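Working notes, structure below.
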Amino acid sequence: MLKTAFVAARDRQRLQEIAGILIGFGVNQVVDRLGLRAIPRLAWRSTPAVDLTRLSQPERMRRAIEALGPTFIKLGQVLASRADLLAPQWTEELGKLHDRVAPVPWEVIRPQLEADLGAPPSEIFSEFDTNPLASASIAQVYRARLESGEEVIVKVRRPGVQKIIEADLRLLSHASRIVESEWPEMVRYRPHEQMRHIANGLREELDLLNEARNCELLAGLFADRDDIVFPKIYWEWTSERVLVQEFIHGIPPTDLTRLEEAGLDRVVLAQRGTDAFLQMSLIEGVFHADPHPGNLLCLPGSRIAFVDFGIVGRLSQRRRAQLLILIGAMLKEDADGLMAVLLDWTGASNPDLTRLEAASQAFVTRHTGATLNLGVVLTDFMTMARENDLAMPTDLAILFKGLVMADGVMRQLDPQFDLFAAAGPTVKRTMRTRFSMKEVKTKFEGLAAGLYGAASELPTLVHLMLVRLKQGRVTVEIELKGMDKLTRGIERAAARVAVGLVVAAFATQLAPKLMEHGTPAFATIGILVLTIGIGWILLLARNR
């Protein structure tokens, strides 16, 4: 198994580290199913100083993930939001994963930063604090000031982290294929596809140029609104490993005391933050996928600022339409509409429709007649999907995670906040636009154009068909499953008929003529031919 899954010799050392950590934390089921016990014990010294007997399996896995580093932490954080894949005890434990790590010393960071800036930081910035403002598994952030006096943050990718992540992604890609082959019950969750999506997101996050582009893309969507703020990007010093952007002075939405002292309207802040997030996701199809309290800031005038755009989600127009129908079904307490959307997402699954219908009705009943808590509703929705053997599309799972985070932040600002009620006007307005007569007319015009193109070729096709009919040259090709088996059966039947006809003809016509001549040799030959023919027929009948 390991020969096919972990063939790359360049990743052998990292594989040994992974095996050592997993075995050290007693994550035995994963170790055994992936065949990791076959790895030489070169790196099995990473035994944790904890009593494993006091830890549950989810706790062991969470601690192992934290020890494994940034790739696995990101994977664990994604899985923590996937109630459609994992049971509550797993999602709750993985939800404790944090992305705060010890900072890389300035002496290690400085040579890489100088190379990327093209000069020492002292020549570009009038001030530069070498003590990091924040330190995460992929990058750490410093505060600085430009010669022009503008305050900025300088985000620097940790040296060597890309090499580690790329090795991890290769190994996890192979591991996801093993999971699909070794755990048939996991195939419906498409682990390789899920892993591919996570890998794409991580690679985008590694590229700080991509984060800068995401920031400007989202800022452009709100260019006509001054209540939604995005930081300015300083492109002259931004590259794949360095991001320089405006430092925004704001108050975290969790600091209620400072918000009150600043005289900010928390209800207005919650409504504006929700409007912005819904516009991104439902209307534009590009949204901030990690709106935790550290990535949102409250500004004077009850404005909202978004920061940190390493993770951005995208939704196709079709997916947005499905999401609108889903939210509409929830708002209207429509169990049939809810089930219709779920079935549209099943893919290759084959759910029990009776059980799914009952689950949809029970879901609507549970959330009828009360202020809807989005976090509870979406978690319950994904649990219903898991219990009916359905897996959420990955892009929607990312959106749901973002919605739950945003809902939590808005509830801290306004405890009476109801995101579904707040979403109502946006949903109705968007649905009126999406399904308006103008939009329907546009769709029909596109369909008509396609049909016109096909219709314009129809006279030529009909004329050609008539010519072929006159010439007797119409050929019809039909492909049927099992046709080769049917053909062989027909051939055997034809052979039996042919032999039967020959034997019958010999017995009824030729044999009497031979007997009339009274030649014993002819009679003997006739009887022999008849016997062989009958034996052949019996043999063919036996081999049907």
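Just so you know, these numbers come straight off a predicted model, no measurement behind them.
Smallest separation of non-hydrogen atoms from A276 and I228: CB-CD1, 3.8 Å. Shown here for E147 and I124, the closest heavy-atom pair between the two residues is CG-O, 3.6 Å. Residues L413 and L269 approach most closely at CD1-CB, 4.0 Å, considering heavy atoms. Shortest non-hydrogen contact noted between L399 and S281 is CD1-CB, 3.6 Å. Heavy-atom minimum distance, Q140 versus P103: OE1-CA, 3.5 Å. Between A144 and F125, the shortest heavy-atom contact is CB-CD2, 3.9 Å.
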Could you list the donor-acceptor pairs under 3.5 angstrom formed between side-chain atoms of residues 291-308 and any protein atom two or more places apart in sequence or on another chain?
from	atom 1	to	atom 2	distance (Å)
H292	ND1	G294	N	2.9
H292	NE2	N295	ND2	3.1
N295	ND2	D290	O	2.8
S302	OG	D265	N	3.1
R303	NE	P300	O	2.8
D308	OD1	G310	N	3.4

Under 3.5 Å, side-chain donor or acceptor atoms of residues 237-244 against the rest of the protein: list the pairs with distances, not counting sequence neighbours.
from	atom 1	to	atom 2	distance (Å)
T238	OG1	Y234	O	2.8
T238	OG1	V244	N	3.3
E240	OE2	R157	NH1	3.4
R241	NE	D116	OD1	3.3
R241	NE	D116	OD2	3.0
R241	NH2	D116	OD1	2.9

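The shortest side-chain heavy-atom distance between I153 and I248 does not fall under the 4.5 Å cut-off. Here the side chains of V286 and M280 are not in contact, with every heavy-atom distance at 4.5 Å or above. Put simply, the side chain of L282 does not reach to within 4.5 Å of the side chain of R320, judged on heavy atoms. Counting heavy atoms from C-beta on, the side chains of F287 and L278 never come closer than 4.5 Å. With a 4.5 Å cut-off on side-chain heavy atoms, E211 and L208 count as touching. With a 4.5 Å cut-off on side-chain heavy atoms, L378 and L403 count as touching. At least one side-chain heavy atom of P121 sits under 4.5 Å from a side-chain heavy atom of L113. S173 is not listed as a side-chain neighbour of R196, based on a closest heavy-atom distance of 4.5 Å or more.
Between E205 and K74 there is a salt bridge, since a side-chain N of the basic residue sits under 4.0 Å from a carboxylate O of the acidic one. A salt bridge links E93 to K96: one of the charged nitrogens lies within less than 4.0 Å of a carboxylate oxygen. Electrostatic pairing of R145 and E150 does not count as a salt bridge here, judged by no charged N lying under 4.0 Å from a carboxylate O. In summary, R203 and D207 do not engage in a salt bridge, as defined by a charged side-chain N under 4.0 Å from a carboxylate O. R314 has no carboxylate O lying under 4.0 Å from a charged side-chain N of D395, or vice versa, which leaves the two without a salt bridge. A salt bridge does not link D414 to R266: none of the charged nitrogens lies less than 4.0 Å from a carboxylate oxygen. Ion pairing of E59 with R63 is absent here, as no side-chain N (NZ or NE/NH1/NH2) approaches a carboxylate O to less than 4.0 Å.
For the atom pair CG (L86) and CE (M382), the distance works out to 10.5 Å, reported to the nearest 0.5 Å. Of the inter-residue distances, the one linking I138 atom CD1 with L202 atom CG reads 5.5 Å to the nearest 0.5 angstrom. Atoms CZ and CZ, on R60 and F25 in that order, are 11.0 Å from each other to the nearest 0.5 Å. The CD1 atom of I198 sits 7.5 Å away from atom OG1 of T394, with the distance rounded to the nearest 0.5 Å. Here the CZ-CE distance, from F400 to M405, works out to 15.0 Å after rounding to the nearest 0.5 Å. One finds the CZ atom of R158 at 10.0 Å from the CD1 atom of I165 (value rounded to the nearest 0.5 Å).
Sorted by first and then second residue, the pairs that involve residues 142-166 and meet ring-ring contact (aromatic ring centres under 6.0 Å, His included), not counting sequence neighbours, are W106-Y142, F128-Y142.
One side chain, Q271 or D275, offers a donor N or O that lies under 3.5 Å from an acceptor on the other. Defined by atom type and a distance below 3.5 Å, a donor-acceptor pair is present between the side-chain atoms of S176 and H192. No donor-acceptor contact under 3.5 angstrom links the side chains of Q412 and T254, judged on distance only.
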* To do: Apply the test side-chain contact (heavy atoms from CB on, under 4.5 Å) to residues L94 and I65: give CA-CA distance (whole Å), side-chain angles for both, the deciding distance (0.1 Å), then the verdict.
  => CA-CA 9 Å; L94 293 177; I65 286 173; 3.8 Å; yes
* Check the pair R62 / L97 against side-chain contact (heavy atoms from CB on, under 4.5 Å), numbers first and verdict last. => CA-CA 7 Å; R62 192 255 303 168; L97 285 167; 3.7 Å; yes
* Could you go step by step and tell me if V154 and L117 meet the side-chain contact (heavy atoms from CB on, under 4.5 Å) rule? -> CA-CA 11 Å; V154 181; L117 293 175; 5.8 Å; no
* Derivation and outcome, salt bridge (Lys or Arg N to Asp or Glu O under 4.0 Å), residues R14 and E17 -> CA-CA 5 Å; R14 179 57 177 162; E17 293 173 3; 3.1 Å; yes
* Test Q194 against R82 for side-chain contact (heavy atoms from CB on, under 4.5 Å), laying out the working first. => CA-CA 11 Å; Q194 303 280 1; R82 298 301 301 269; 3.0 Å; yes
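Formation of a donor-acceptor pair under 3.5 Å by the R386 side chain with backbone atoms of A83 is found in this model. Checked by atom type and distance alone, the side chain of R272 never pairs as donor or acceptor with a backbone atom of D227 at under 3.5 Å. Distance alone, capped at 3.5 Å, places no donor-acceptor pair between the D255 side chain and the I251 backbone. A donor-acceptor contact shorter than 3.5 Å is absent between the side chain of T379 and the backbone of V376. The main-chain N or O of K232 is found under 3.5 Å from a side-chain atom of E246 such that the two form a donor-acceptor pair. Although no hydrogens or angles enter the test, the distance criterion places no donor-acceptor pair under 3.5 Å between the side chain of R411 and the main chain of A406.
With H288 as the partner, the ring pair (Phe, Tyr, Trp, His ring centres under 6.0 Å) test is satisfied by one option alone out of F222, F230, F309, F277: F309.
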